[in-house]
Amino acid sequence: MATLKDLFRTKPKYVTVKPVQGEAGPVRPPAPKPKEVPDGLWAKCPGCQSILYQRELSKNLHVCSRCGHHFHVGAMERLAQILDSVETFEEWDGEVATVNPLGFPGYEEKLARTQEKTGLREAIVTGVGRLENYPVAVGILDFAFFSGSMGSVVGEKLARLFERAAERCLPVIVVSGGGGGARMQEGILSLMQMAKTCQAVERFGRSGRPYVSVLTNPTMGGVYASFASLGDYILAEPGALIGFAGPRIVERTIRQPLPSGFQTSEFALKHGMIDRIVQRKELRPVLAQILRLHAR
Amino acid sequence: MVNGVFEWERPLVELENRIRELQAFTKEKGIDFSQEIATLERKADRLRAEIFSNLTPWQRVQLARHPRRPTTLDYIGMICTDFLELSGDRCVRNDEAMVGGVALLDGIPITVVGPQKGRDTKENIRRNFGLPHPEGYRKALRLMVQAEKFGRPILSLIDVVGAYPGIEAEQRGQGVVIAENIRRMSFLRVPVVCVITGEGGSGGALAIGVGDRVLMMENAWYSVISPEMCAEILWKDTGRAPEAAGVLKLGARDLLELGVIDEIIPEPLGGAHRDREEVARRLKEAVLRHLRELMALDPDELLDRRLKKYRAMGRLQEQTAERLEAIRSGQAEA
Ligand SMILES: [Zn+2]
């Protein structure tokens, strides 16, 4: 039997607003709850099989102290690693929410589960913060959220990040880690985000401010083949998987085993696709150096 | 598929063959079969409408891959005159999986580019089955930049499964090249009309697919991922590709609805390969109509419209600041 309360529940959960270009000031959504990656007290290093104490790992920026393997880092933790303090970070466009434009089976359920698990609303967190006191616009893709893949929301938030940065004459740093590339569940609309973000990068470039693209493990497919490849500076963490086609697809196509080190950061550096490989503990100093070189 | 005939169109093809036999018989032996032929033709018409007017997304994918479907060079030959093919990326080599050059379209000088599939096994090997390497995309970009220099409009004819996934392709920066092509193409100061004529496979298609107008043949497909790969990811079974084709919304009508393409070019019943001259005529008419409209715009206006079009692509929803505040303070359900 329907009660009065049930009737109230039928009202829409969201208010739909047409996106307006260059609109509105930042909104502070509920602070995402960062989760330790991976879970538990101990973690096994995929690089050297060592069992590592989670607290030690976290203190070491999630880099294995034995072999240097770089673990995935969540968006909030990454912000804490590169910014002066998370308190100076002001999130942008946290209210932009994902829909299921194709009615793709299971997408809403997977979204809800992922949001619950990660405490994130989408695969990217964008906003403005300070790095060595330089104000900087930042976007961080989180691998834990649909492999950091790009759908409509990621594309839109990136476009707005570059637009707002241009308006405010801020440099931009984007940290990518999206094995999924373009998000399959949003079909062709994901593909179109590649065009949208490439265009946003180019327009931002006319502001004369630098865009630093940081590639982390993995940066593949539609993410790599769009904004991530277009940085004025392209840095990569060591040992990250970087490329267009997935290694399994390449292997199946050429019907040969892949050479060792194929599609790693080191491979990308050797073949001239990136500027530098940067250890995680060096990332903040190198970013600061770039900002210093562009100081006005 | 056997001899270019799909299982689901076999009854029709058999009927059509029977009609041809009777016609040949009439000619050779002088026996009058006109009544039988007329009956069979009526039956064939009914069957044709039945089979082809309700194609599933997967059947359209199959038609888009038909071995006798016109290729990029076939279309160029049918719609252009004075085609002068140009080669090479001025860097690595000439990738024959991508073709391009200058031609006249109804007297208008244009630059035309597009991936090229082979029309037989030998040509397919030379053309790498129409899967371009980075140098193919660089060649296309070089020709488009040349077009911009001379103020020539650009026609991009797209039929590509995807950018080639190989070791050398990755070494030479397949991802970087696609990103650069998308960026540069977005800002070309000449009209760009793209037509998905067959397959539109992901980034490999978009790398030559950013335009003022994007048209699509009725039975073409265009998607972020192939139905086979989607099926493998979803169900670990490429055999379920027909299902995935439905889920991905990769057909022309879906894309028109999603605002990704501007117009559908209707194909003859049963696919472009059944009447090449007719499909070329329709292609030429549509391309010319759009090009003439775009050529009337000044470059600033052209660019402004192009960028606005892509800026608006995507679907999302925004929670208002008030709503989020209410959620945070526990006054509303999340
Ligand atoms: Zn280790």
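These numbers come from the heavy atoms of this one structure, side chains and all, not from hydrogens, waters or symmetry mates. So that the names make sense, note that chain A is the first sequence line, chain B the second, and so on, each numbered from 1. Keep in mind it's a predicted model, so treat the numbers as computed, not measured.
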* Asked: What's the shortest heavy-atom distance between B:Cys230 and A:Met184, and which atoms?
  -> SG-SD, 3.7 Å
* To do: Please flag which part of A:Phe267 lies under 4.5 Å from any non-hydrogen atom of chain B: side chain, backbone, both or neither.
  => side chain
* Asked: Between A:Ser190, A:Ser229, A:Ala182, which shows the greatest number of heavy-atom pairs under 4.5 Å with chain B?
  -> A:Ser229
* Hey, are the side chains of B:Tyr164 and A:Ile254 touching, using non-hydrogen atoms and a 4.5 Å cut-off? -> yes
* At a heavy-atom separation under 4.5 Å, does A:Gln199 approach chain B through its side chain, its backbone, both, or neither? -> both
* Sub-4.5 Å side-chain heavy-atom contact between A:Leu102 and B:Asp254 -> no
* With a 4.5 Å cut-off on heavy-atom pairs, point out which of B:Arg184, B:Met313, B:Glu180, B:Lys309 contacts chain A the most. => B:Met313
* To do: May I ask you to name which of A:Ala245, A:Pro247, A:Ala200, A:Ala225 has the most heavy-atom pairs under 4.5 Å with chain B?
  => A:Ala225
* **Which atom of B:Ile182 lies closest to which atom of A:Ala195, heavy atoms considered** => CG2-CA, 3.7 Å
* Non-hydrogen side-chain atoms of B:Arg311 and A:Glu156 separated by less than 4.5 Å -> yes
* To do: Among A:Arg252, A:Glu251, A:Glu186, A:Gln185, single out the residue with the greatest number of heavy-atom pairs under 4.5 Å to chain B.
  => A:Arg252
* May I ask you to check whether over 12 heavy atoms, not counting those of B:Arg253, lie within 6.0 Å of atom CZ? => no
* Structure fact -> CD of B:Gln171 to NZ of A:Lys270, rounded to nearest 0.5 Å, is 7.0 Å
* Asked: Got a second to check how far B:Leu316's CG is from A:Lys157's NZ, nearest 0.5 Å?
  -> 10.5 Å
* Asked: How long is the gap from CD on B:Gln317 to CG on A:Asn100, to the nearest 0.5 Å?
  -> 11.0 Å
* Asked: In terms of heavy-atom proximity below 4.5 Å to chain A, should B:Leu255 be classed as side chain, backbone, both, or neither?
  -> side chain
* Asked: If we only count heavy atoms from C-beta on, is the B:Val260 to A:Leu189 side-chain gap below 4.5 Å?
  -> yes
* Asked: If we only count heavy atoms from C-beta on, is the B:Val224 to A:Met192 side-chain gap below 4.5 Å?
  -> no
* Could you tell me which non-hydrogen atom of A:Leu230 sits nearest to which non-hydrogen atom of B:Ala179, and how far apart they are? => CD2-CB, 3.8 Å
* Asked: Going from CD on B:Glu170 to CG on A:Leu258, what distance comes out if it is rounded to the nearest 0.5 angstrom?
  -> 10.0 Å
* Residue among B:Val210, B:Leu131, B:Asn181, B:Ile167 with most heavy-atom pairs under 4.5 Å to chain A -> B:Ile167
* Spatial distance of atom SG (A:Cys198) from atom CE (B:Met185) [nearest 0.5 Å] -> 12.5 Å
* B:Glu301, CD atom: more than 12 neighbouring heavy atoms under 6.0 Å -> yes
* Structure fact -> Okay, B:Ser223 and chain A: the region with an atom under 4.5 Å from a heavy atom over there is backbone
* Structure fact -> When the 4.5 angstrom heavy-atom criterion is applied to B:Ile225 and chain A, the contacting part is side chain
* **Residue part contacting chain A, namely of B:Glu232, when any heavy atom lies under 4.5 Å** => side chain
* Where does A:Arg248 contact chain B at under 4.5 Å (heavy atoms): side chain, backbone, both or neither? -> side chain
* To do: Working to the nearest 0.5 Å, report the span between CD1 of A:Ile188 and CG of B:Leu250.
  => 8.5 Å
* Would a 4.5 Å heavy-atom cut-off, applied to side chains only, mark A:Met194 and B:Ile178 as touching? -> yes
* Asked: Would a 4.5 Å heavy-atom cut-off, applied to side chains only, mark A:Phe244 and B:Val176 as touching?
  -> no
* Asked: Nearest heavy-atom pair of B:Val247 and A:Pro105: which atoms, and what distance?
  -> CG1-CD, 3.7 Å
* Would you call A:Arg160 and B:Glu318 a salt bridge, taking side-chain N to carboxylate O under 4.0 Å as the test? -> yes
* Please say whether the positively charged group of A:Arg203, taken as NZ for Lys or CZ for Arg, lies over the ring of B:Tyr310, i.e. under 6.0 angstrom from the six-membered ring centre and within 45 degrees of the axis. => no
* Taking A:Ser152 for its side chain and B:Gly314 for its backbone only, find out whether a donor-acceptor pair lies under 3.5 Å. => no
